[in-house]
Structure formats: C-alpha cells, structure tokens
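In what follows, a structure is listed as structure tokens, so that the remarks can point back to it.
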Amino acid sequence: MSRPPTDFEIRVYDLISTIPKGKVSTYALVARALDCGSNQAVGQALRRNPFAPRVPCHRVVSAALTLGGFNGHRDGDELARKRRMLEEEGVRFDAQGRVHPACIHVFQEWWPAP
DNA sequence: AACCTGACGGACA
DNA sequence: CTGTCCGCCAGGT
C-alpha cells in the first residue's frame, strides 16, 4: 500500500532535510517557508515518514515547542524516543519538557521579487 | 464530486 | 493548566 510521494510531500521532505543536527523547526515554520496555509497539512505529510532517517522528521516540533508527534504517535514511548534522539543531537529542553528557544532553526529565506 | 481526517495553531472559556 | 471551536489544506475513500 505504498504510494509515490506527492509533490507537496517532496517539498516538505526536502526542506526539513536542511535542518541541521542540534536544531529543530516547527510545523508552522515549515508551512510558512513552503507558503502553505495549513500547518496541519505539513504534519500530515510527516505523519508517516517513508524516508526515515534520511528525512529527519524528529527535528520538527510544535509551535508551542512541545514535541508534537513521532512515528504516528502523539504520546507514549514513541514520543519519548523522539525526545531522546533530539537530546543526543544536542537539543536542550527546559524543565517543562519544551525545546529551548535557542535551538530553533531559521530557514534561509529568499524569494524572487515583490 | 462530496465528504472525512489530521504528528497544527490560535483564540477563548 | 484543561478543553472546545474554528480555519486551514493535502490526501484518502
């Protein structure tokens, strides 16, 4: 039941592949960088990442800097795994389990001409 | 085509 | 903090 990645998904995967180790981005920031009006659509594209770990979907968290989801789950053991992976890459968390704001990656933005 | 569903986010109670 | 509601849009049925 596989499906070739859609154009939209490829754009998502390509973009998040540029997030360096030790940094994270958010669904909203990815959506904005892609000029996509739905943050949820980005989450849906990552819901099942067919290219793990080539595409580092664990480096995308929620706008509130909570973990979001991982491998189809939004809680439990899978999510704990996501946090560990990030910690091993150097991402720091505060006491409430939220990502340190300094670890947010800023996408290089440029566009043709207004 | 006509719904339904989301790893979302922001507003509000 | 929790929970609800609504807008968003790509994909699936």
Side-chain angles (χ1 to χ4, degrees):
Chain A
M1 294 288 290
S2 203
R3 158 181 66 81
T6 65
D7 190 58
F8 174 74
E9 287 168 338
I10 289 176
R11 285 198 290 146
V12 173
Y13 301 148
D14 281 354
L15 183 65
I16 73 171
S17 296
T18 69
I19 304 173
K21 182 178 162 191
K23 295 272 185 174
V24 300
S25 189
T26 74
Y27 303 100
L29 288 173
V30 171
R32 197 163 62 85
L34 292 176
D35 200 33
C36 171
S38 172
N39 317 313
Q40 210 168 20
V42 173
Q44 189 173 15
L46 295 178
R47 188 164 87 38
R48 266 168 223 179
N49 176 9
F51 303 113
R54 199 194 83 198
V55 174
C57 58
H58 61 285
R59 297 188 189 143
V60 184
V61 300
S62 81
L65 299 186
T66 56
L67 281 177
F70 187 59
N71 199 268
H73 300 265
R74 282 179 290 190
D75 46 50
D77 219 58
E78 290 296 316
L79 207 53
R81 218 149 17 239
K82 176 173 181 176
R83 171 167 175 163
R84 265 182 318 196
M85 292 173 68
L86 290 174
E87 284 177 329
E88 282 192 22
E89 293 184 350
V91 175
R92 311 212 279 104
F93 289 79
D94 63 18
Q96 309 169 49
R98 313 211 297 137
V99 174
H100 194 285
C103 299
I104 298 175
H105 171 63
V106 180
F107 291 116
Q108 193 63 37
E109 288 185 33
W110 74 95
W111 54 91

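Chain identifiers are assigned alphabetically (A, B, ...) following the order of the sequence lines, protein sequences preceding nucleic acid strands; residue numbering begins at 1 within each chain.
For A/F107 against A/S25, the heavy-atom pair with the smallest separation is CE1-OG, 3.3 Å. Heavy atoms only, all atoms of each residue included: A/N39 and A/A28 are closest at OD1-CA, 3.5 Å.
In this structure the side chain of A/V30 never reaches within 4.5 angstrom of the side chain of A/L46, judged on heavy atoms. You'll find the side chain of A/V24 stays beyond 4.5 Å of the side chain of A/L65, heavy atoms only. Residues A/E89 and A/H58 form a side-chain contact, since some pair of their non-hydrogen atoms from C-beta on lies under 4.5 Å apart.
Rounding to whole angstrom units, CD1 of residue A/I16 and C1' of B/dC8 are separated by 15 Å. For the pair A/Q44 CD and B/dC4 C1', the interatomic distance rounds to 11 Å; values are reported in whole Å. For A/E9 and C/dA10, the CD to C1' distance is 8 Å, given to the nearest whole Å. Atom pair A/Y27:OH and B/dG6:C1' shows a separation of 11 Å (rounding to whole Å applied). The distance from atom CG of A/L34 to atom C1' of B/dC8 is 14 Å, rounded to the nearest whole Å. Distance CZ (A/R48) to C1' (B/dT5): 12 Å, rounded to an integer number of Å. Whole-Å rounding puts the A/L65 CG to B/dC8 P distance at 14 Å.
Of the residues near DNA chain C, A/C36 and A/Q96, the one whose nearest nucleotide (by heavy atom distance) lies more toward the 5' end is A/Q96.
The 12-atom threshold is not exceeded at CG of A/D35, counting heavy atoms of other residues, nucleotides or ligands nearer than 6.0 Å. Counted within 6.0 Å of CZ on A/R98, heavy atoms from surrounding residues, nucleotides or ligands total more than 12; the atom is thus considered enclosed.
When each of A/R81, A/K82, A/R74 is tested with A/E78 by the rule salt bridge (charged side-chain N to carboxylate O under 4.0 Å, His left out), just one qualifies, namely A/R81.
No donor-acceptor distance shorter than 3.5 angstrom exists from the side chain of A/Y27 to the backbone of A/Q44, with no hydrogens or angles considered.
Counting any heavy atom pair closer than 4.0 Å across all strands shown, A/F8 reaches sugar-phosphate atoms only and no base atom.
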Dump the pairs, protein N or O against N or O of nucleotides 4-8 of chain C, anything under 3.5 Å, distances to one decimal.
from	atom 1	to	atom 2	distance (Å)
C/dC8	O2	A/S38	OG	3.4

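Contact check of residues 66-80 of chain A against DNA chain B (heavy atom, cut-off under 4.0 Å) returns A/G69, A/N71, A/G72, A/R74.
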